[in-house]
Amino acid sequence: MKIGVLGAGQLGRMLALAGVPLGLQFRFYDPAPDSPASEIAEQVVANYNDWDALTRFAEGLDVITYEFENIPVETVTFLEQFASMFPPLDALRASQDRLTEKRTLLTLGIPTPHFDAVESWTELEETALRIGLPAVLKTRRFGYDGKGQAVLRTQEDLQGAWQTLGGSPLILEGFISFERELSLIGVRGRDSDTRFYPLVENHHREGILRLTVAPAPNVTAELQTQAERHLNTLMQTLNYVGVLTLEFFEQNGRLIANEMAPRVHNSGHWTIEGAETSQFENHLRAIGGFPLGSIRPRNASLMYNCIGEMPERDVVLAVPGAHLHDYGKLPRPKRKVGHLTLCGFPEELERHRTTVEELIT
Ligand SMILES: Nc1ncnc2c1ncn2[C@@H]1O[C@H](COP(=O)(O)OP(=O)(O)O)[C@@H](O)[C@H]1O
Ligand SMILES: [Mg+2]
C-alpha cells in the first residue's frame, strides 16, 4: 500500500518512520525542498496549486493524508478524485479557521472560551468591551506556535495589537486563567473503532510547546471521560478517520476546548516509546483500514521539544531512558528541530529529569 502525505515536515517524517515497518510505502508533497520527510521517502516539490505536479503525486497512491492543516481545500478536493482522503475534508475545513473551529465546537456543546469575529477597529473595541479583558486576539488562519496572537491585558494594548494583526481576519477570545493545559489524542478507524490515549499535560513557553507529561498526573476518571466525550462527539460528527487532537484548558475541574488538530500532534510524540502503539502508527492503521493498535502507555514519559538547536547527541544518549529524535532541520531560533523523550518508572524520571532539562534550552 502506498500512502501520499501532503506536507513533508517532521510529522510526515515520523509517519513514514512508523509505517515502513508495516510494509507501507510513502510519497510526500511539499513546496519546500530538503524537508525532514525527504530523507526517508520520495518527495514531489511543488506548490499546492500546481495541478500537474499534484496529478503526478497522486499516481499509484492508495490513500492520501496530510500532516498539517493549512493545505488549501481546493488541493484536497482535487486529489479526492485519485485516492481516498483521510482525515475527511470537513475536518480540515473546520480546523483551518479559528472562527469555524470554535463555532463547530460550540454547536456540539463542547465548552470554549467566549469568542467573536473581529473585522475592524470598531469591532475590536466593541468585542473587547463585551468579552472583557484580558482577552486574546488571534488571526483566524495560519497561526501556529503562538504566532499571530496578542494578549490584551489593558485597554491600551488594543491599538498595538490592531496595528500588528489588523491586516488579517481576526478572532477575539476571552483569556482563560487555567490551572493547566491538557490534550487528548484519539484515533478512529474506517470501521468507526475509536480509541483514546490518556490525557497529557502540556507546558508552553512563548506560545511554543516545551514539555508534555504523559500520562498527565492527577487525572480523575471523570476528567478523562469528559475529554473523551468531547472528542468522540467531534469524531462522530465529522465522520472522522485518523488521529484527531483536542487541546484543553483545565479550570476548576472543567475542560474548555482551545483548538483541534486533524492530524498527529506534538503532544503525542511521547507515544513513540511511551505507548504500545504510537500515534503515527495508529494514524496509518486508521487511514489504511487496518485494525487499530493498543493505546496503553508502557510507563511514564516526559517529552521535551528541542527548540532552536539540538542538544549534544552523546550527552543525551548517556541518560538512561532518554530517546532522541533529530528532525534533520537547520537550527533557527524558535524552530522545533527535534525532541527528546524520557521514559521509565516515575521515580526513574525524577532522577534523570534535571540532567535532561539542563541539556534543553
Ligand atoms: N483564550 C486563551 N486563554 C489563555 N491562554 C491562551 C488562550 N488562547 C491561547 N492561549 C495560550 O497560547 C497558546 C497557543 O495558542 P493556540 O490557540 O493553541 O495557538 P497555536 O495554534 O499557536 O498552538 C496556548 O497553548 C495557551 O498557552
Ligand atoms: Mg495550540
Side-chain angles (χ1 to χ4, degrees), residues 7 9-11 66-71 91-92 94-106 110-118 124 127-128 130-154 157-158 161 164-165 168-185 199-213 216 227 230-231 234 243-252 254-269 279 303-305 307 334-336 339:
Q10 63 263 21
L11 300 178
Y66 45 89
E67 57 116 56
F68 93 126
E69 58 269 41
N70 287 322
I71 310 284
L92 185 72
S95 68
Q96 282 187 342
D97 181 335
R98 293 189 193 276
L99 186 66
T100 321
E101 180 179 50
K102 292 232 156 52
R103 283 184 177 153
T104 306
L105 297 168
L106 195 67
I110 301 169
T112 65
H114 293 300
F115 66 92
D116 214 341
V118 167
L124 176 58
T127 314
R130 198 170 53 251
I131 289 179
L133 299 185
V136 191
L137 189 63
K138 300 181 183 178
T139 55
R140 280 169 54 179
R141 294 178 58 103
F142 305 121
Y144 70 98
D145 287 348
K147 291 193 176 77
Q149 301 193 14
V151 178
L152 313 179
R153 298 194 182 276
T154 66
D157 293 339
L158 266 64
T164 332
L165 303 174
S168 320
L170 301 172
I171 181 173
L172 188 72
E173 300 175 10
F175 184 92
I176 307 293
S177 42
F178 51 80
E179 281 117 41
R180 57 175 175 170
E181 292 189 77
L182 299 167
S183 60
L184 184 70
I185 297 184
L199 276 166
V200 297
E201 186 180 298
N202 299 317
H203 298 260
H204 296 82
R205 203 169 73 227
E206 298 170 315
I208 307 175
L209 180 69
R210 304 289 164 148
L211 165 65
T212 295
V213 183
H230 294 326
L231 189 52
L234 198 54
V243 161
L244 179 63
T245 310
L246 202 45
E247 295 178 11
F248 296 105
F249 303 125
E250 184 185 4
Q251 197 180 37
N252 303 325
R254 187 163 164 265
L255 294 174
I256 302 167
N258 171 36
E259 62 172 351
M260 61 185 262
R263 52 168 169 80
V264 287
H265 193 259
N266 196 171
S267 69
H269 291 0
Q279 61 164 347
M303 190 288 307
Y304 296 89
N305 271 335
I307 310 290
K334 298 196 174 176
R335 192 179 209 197
K336 289 176 183 167
H339 77 265

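Computed from a prediction, not measured in an experiment: that's the story for all the values here. First listed ligand is number 1; within each ligand, the first listed atom is number 1.
Looking only at side-chain heavy atoms (C-beta outward), Lys336 and Ile208 come within less than 4.5 Å of each other. In this structure the side chain of Asp157 never reaches within 4.5 angstrom of the side chain of Leu133, judged on heavy atoms. Inter-residue side-chain proximity for Thr104 and Leu234 is flagged as met; some heavy-atom pair is nearer than 4.5 Å.
The minimum distance between the Mg ion (ligand 2) and any N, O or S atom of Glu247 involves atom OE1. The Mg ion (ligand 2) lies closest to atom OE2 when only the N/O/S atoms of Glu259 are considered.
In this structure, ligand 1 sits under 4.0 Å from heavy atoms belonging to Arg98, Val136, Lys138, Gly143, Tyr144, Asp145, Gly146, Gln149, Glu173, Gly174, Phe175, Ile176, Phe178, Glu181, His204, Glu247, Phe249, Asn258, Glu259.
Arg98 and Glu173 are not joined by a salt bridge, as no carboxylate oxygen comes within less than 4.0 angstrom of a charged side-chain nitrogen. For Arg130 and Asp116, the salt-bridge test passes: some basic side-chain N is under 4.0 Å from an acidic carboxylate O.
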Practice prompt. Let me see the working for Glu67 and Arg263 under salt bridge (charged side-chain N to carboxylate O under 4.0 Å, His left out), right down to the final yes or no.
Written response: CA-CA 6 Å; Glu67 57 116 56; Arg263 52 168 169 80; over 6 Å; no
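Between Phe248 and His230, the ring planes are tilted. Angles from 30° to 60° get that label.
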